[in-house]
Amino acid sequence: MKFYNTLTRRLEEFRPIEKGKVGLYTCGPTVYDYPHIGNYRSYVFEDLVKRFLLFAGLRVHHVMNITDIDDKTIRKAGELGVPLAEVTQKYIDAFHADLRTLNILPADVYPRATAHIPEMVSLISSLLDKGFAYEKDGSVYFSIERFPGYGRLANIERGNLKPAAAATHDADEYEKEAVQDFVLWKGKKPGEPYWPAAFGEGRPGWHIECSAMSMKYLGPHFDIHMGGVDNIFPHHENEIAQSECANGMTFVNYWLHCQHLIVDNKKMSKSLGNFHTLADLLQRGCDPMAVRYLLISAHYRKLLNFTFDSLEMAGQALARIKNFDFSLKSIHNPGEADPETAGLIAAAEKAFAGHLADDLNISGALGALFDFITKTNQRMTNLKQKDAVQVLAFLHRLNSVLGVLDAAEEKPLDAVIEEKIGEREAARKAKNFKKADAIRAELKARGIVLMDTPDGVKWKKE
RNA sequence: GGCGGCGUAGCCAAGUGGUAAGGCAGCGCUCUGCAAAAGCGUUAUUCAUCGGUUCAAAUCCGGUCGCCGCCUCCA
């Protein structure tokens, strides 16, 4: 399989460091507020990659950090007048709930920054010892001029900064030798949390946490690091600088970055106010699986424009897959399976996997799935239960990658509804269609859709 | 100022040299008590635009127009 590596700006064949295993690090949330669905585009994309690696038979060790100490979390706690840990725990819980709602597989570890301060202190000490960092007024900075590879990931030449940006660049409260140097350790300030360190009390900078925690759980050199494109610079660039200077070896082999979700041609962001949280969408009655489908349905390196129309279309496309699943489950014909079934499955699986192996070409993969659905629907009336079982197993194998079919929907009906359906059947037999339609409308209002088929009445949740 | 991306039917979106996947929406038909689902047919001589290379270009090269991102916290 091939991935587009931001570091080399080309498609590269993926080769794990250790055969059959993948070390995967993804940048997690800063827990000062609810994420919006633009944030979730990245997490859902990362989930797709992870699921595809698993589908391909690889064992994945996935680490996602939680940033629970930084300027924003401190500010939020100050505004609310509650302890930092109380604020961060609230948003951590909310984050995990959203991940479940979007059917995102959990990471193996969710390390929190505040639980790894000693590791960061030790890493900073090492950078100081090796001469890549310096202290100034109680803070510690990384000196980018001492790392020749700086700027390679983001393709930024030093000295090519926007003149205006360079001039006004963060004259912040911290003193640095060079304007582009970044902070590893922020000296203690009144009213802020702090931890002890050989180089003075204080708290970690944002970038150092990802280096320290990825190193702890994945080692100094691992396979894949992912995040949103806006993390390329400076965050990931800085991670590379810190990690490679401390360890003297390559940090990460493959860097994958997900493009932004946009709204009205503008990046969805908190500052522009043009965002929706997952809770907002659920409150409007949107199906979370349609949200997931929409977020994965465009190629990850292209902008995706969010509209309620496109969410509606995603829901309709998903409905085609669900109807297919539904039809297959209704087949109980006896007899031997048609040999053609296995052939069609093999061809579709090859096409599906082939497209995903081509830098996650999801459109191609979905095209292969829909082609298969159409072909199988054409054969549907002749299929035996033995065919249906094979096809269902295949569909669910593909869904192990897509994650858009929600198993939780398959709850049995309660007795009252069963009774209504029976009543309606009796009315239909008696040609009392008015009553039959009234019952159907009543059930529809409760989210149960009835379908009359040659095999008898079927139902599904809307 | 530097770096990078995008522009394919009503909408979404694949396709990077060989003659336009797929999804949604629409229209006609089949099935059906009516629906729903499903099927069949139909929906871009054309890929922002101009020019070039080639037997052949949406795909390569150059120009133009429009839009966006990064260079500062940000998925």
Taken to the nearest whole Å, CZ/Phe182(A) to P/C71(B) is 15 Å
Quick one: label Gly38(A) by what it contacts on the DNA or RNA (base, sugar-phosphate, nothing), any heavy atom closer than 4.0 Å. base
When the C1' atoms of C50(B) and C73(B) are considered, how many whole Å apart are they? 43 Å
Below 4.0 angstrom, N of the basic side chain to O of the carboxylate: do Asp437(A) and Arg440(A) qualify? yes
Between the main-chain N or O of Asp338(A) and the side-chain N or O of Asp387(A), is there a donor-acceptor pair closer than 3.5 Å? yes
Side chains of Tyr91(A) and Val87(A), heavy atoms from C-beta outward: is any pair under 4.5 Å? yes
The side chain of Pro234(A) lies closest to which of these nucleotides: G33(B), A36(B), U72(B)? U72(B)
Rounded at 0.5 Å granularity, tell me how far CZ in Phe306(A) sits from CG in Asn274(A). 11.0 Å
What's Lys270(A) touching, base or sugar-phosphate or nothing? Going by heavy atoms closer than 4.0 Å. nothing
Taking the P atom in each of G33(B) and C27(B), what is the distance between them to the nearest angstrom? 23 Å
Identify whether any heavy atom of Arg152(A) sits under 4.0 Å from a base atom; if not, whether one sits that close to sugar-phosphate; answer base, sugar-phosphate or nothing. nothing
In whole Å, measure the gap between the P atoms of G5(B) and G63(B) for me. 15 Å
Can you confirm whether Arg301(A) sits close enough to Leu256(A) that some side-chain heavy atom of one is under 4.5 Å from a side-chain heavy atom of the other? no
Judged by nearest nucleotide, the residue sitting upstream toward the 5' end of RNA chain B, Ala436(A) or Ile37(A), is Ala436(A)
Look only at the side chain of Asn5(A) and the backbone of Asn253(A), and say whether a donor-acceptor pair between them is shorter than 3.5 Å. yes
Between Phe182(A) and Pro234(A), is any pair of side-chain heavy atoms under 4.5 Å apart? no
Could you check whether Asp452(A) gets within reach of a base, just the sugar-phosphate, or nothing at all, counting any heavy atom under 4.0 Å? base
Length of the NZ-P vector between Lys302(A) and A13(B), whole Å: 8 Å
Is a donor-acceptor pair below 3.5 Å formed from side chain Arg440(A) to base A36(B), judging by atom type as modelled? no
May I ask you to decide if Leu7(A)'s main-chain N or O and Arg152(A)'s side chain share a donor-acceptor pair within less than 3.5 Å? no
Using the P atom on both, measure G69(B) against C11(B) and round to a whole Å. 22 Å
Rounded to the nearest angstrom, tell me the gap between atom CZ in Arg301(A) and atom P in U16(B). 12 Å
Does Ser214(A) use its side chain to pair, donor to acceptor, with the backbone of Ser211(A) at less than 3.5 Å? yes
Distance check: side-chain N/O of Lys434(A) vs OP1/OP2 of G33(B), anything under 4.0 Å? no
Roughly, in whole Å, what's the span from NZ in Lys460(A) to P in A35(B)? 17 Å
Within this structure, what is the NE2-to-C1' distance between His257(A) and G5(B), rounded to whole angstrom? 15 Å
For nucleotides G41(B) and U16(B), find the distance between their C1' atoms and express it as a whole number of Å. 33 Å
Between C61(B) and U53(B) - C1' atom distance, rounded Å: 7 Å
If you look at every strand shown and take non-hydrogen atoms under 4.0 Å, does Ile362(A) touch a base, only sugar-phosphate, or nothing? nothing
Could you tell me whether Asn377(A) contacts a base, only the sugar-phosphate backbone, or nothing, with contacts defined as non-hydrogen atoms closer than 4.0 Å? sugar-phosphate
Is any side-chain heavy atom of Thr341(A) closer than 4.5 Å to a side-chain heavy atom of Thr376(A)? no
Enumerate the protein-to-nucleotides 67-70 of chain B contacts in which both atoms are nitrogen or oxygen and the separation is below 3.5 Å.
residue : atom : partner   : partner atom : Å
C67(B)  : O2'  : Asn265(A) : ND2          : 2.7
C68(B)  : OP1  : Lys266(A) : NZ           : 3.0
C70(B)  : OP1  : Lys267(A) : NZ           : 2.6

If I take atom NE2 in residue His299(A) and atom P in nucleotide U8(B), what distance separates them, rounded to the nearest angstrom? 17 Å
If I take atom CG in residue Leu369(A) and atom P in nucleotide A14(B), what distance separates them, rounded to the nearest angstrom? 16 Å
Please produce a list of atom pairs where a protein N or O lies less than 3.5 Å from an N or O of nucleotides 19-25 of chain B.
residue : atom : partner   : partner atom : Å
A21(B)  : N1   : Ser363(A) : O            : 3.4

Quick check: on RNA chain B, is the nucleotide nearest Arg9(A) upstream (toward 5') of the one nearest Lys431(A), or the reverse? Name the residue that is more 5'. Arg9(A)
SB check Asp181(A) Lys136(A) (cutoff 4.0 Å): no
Check this for me: does any side-chain nitrogen of one of Arg379(A) and Glu340(A) sit under 4.0 Å from a carboxylate oxygen of the other? yes
Answer yes when Lys50(A) and Asp108(A) have at least one side-chain N-carboxylate O distance shorter than 4.0 Å, and no when they do not. no
Between U59(B) and G15(B), how many Å separate the two P atoms, rounded to a whole number? 15 Å
Sticking with atom C1', work out how far U45(B) lies from A38(B), rounded to a whole angstrom. 32 Å
Counting the atoms with a prime plus P, OP1 and OP2 as sugar-phosphate, which does Arg428(A) contact under 4.0 Å by heavy atoms, base, sugar-phosphate, or nothing? base
Tell me, which stems hold RNA chain B, with a stem being 3 or more Watson-Crick or G-U pairs in a row and both distances under 3.5 Å? B:1-7 with B:65-71, B:10-12 with B:22-24, B:26-30 with B:38-42, B:48-52 with B:60-64
Classify His235(A) by what it touches in the nucleic acid, base, sugar-phosphate, or nothing, heavy-atom distance under 4.0 Å. nothing
Quick one about His62(A) and Thr26(A) (side-chain donor to acceptor, distance below 3.5 Å, no hydrogens or angles considered), yes or no? yes
Tell me if the side-chain of Asn361(A) makes a donor-acceptor pair with the base of G15(B), cut-off 3.5 Å, by modelled atom types. no
Within this structure, what is the OH-to-P distance between Tyr40(A) and A75(B), rounded to whole angstrom? 11 Å
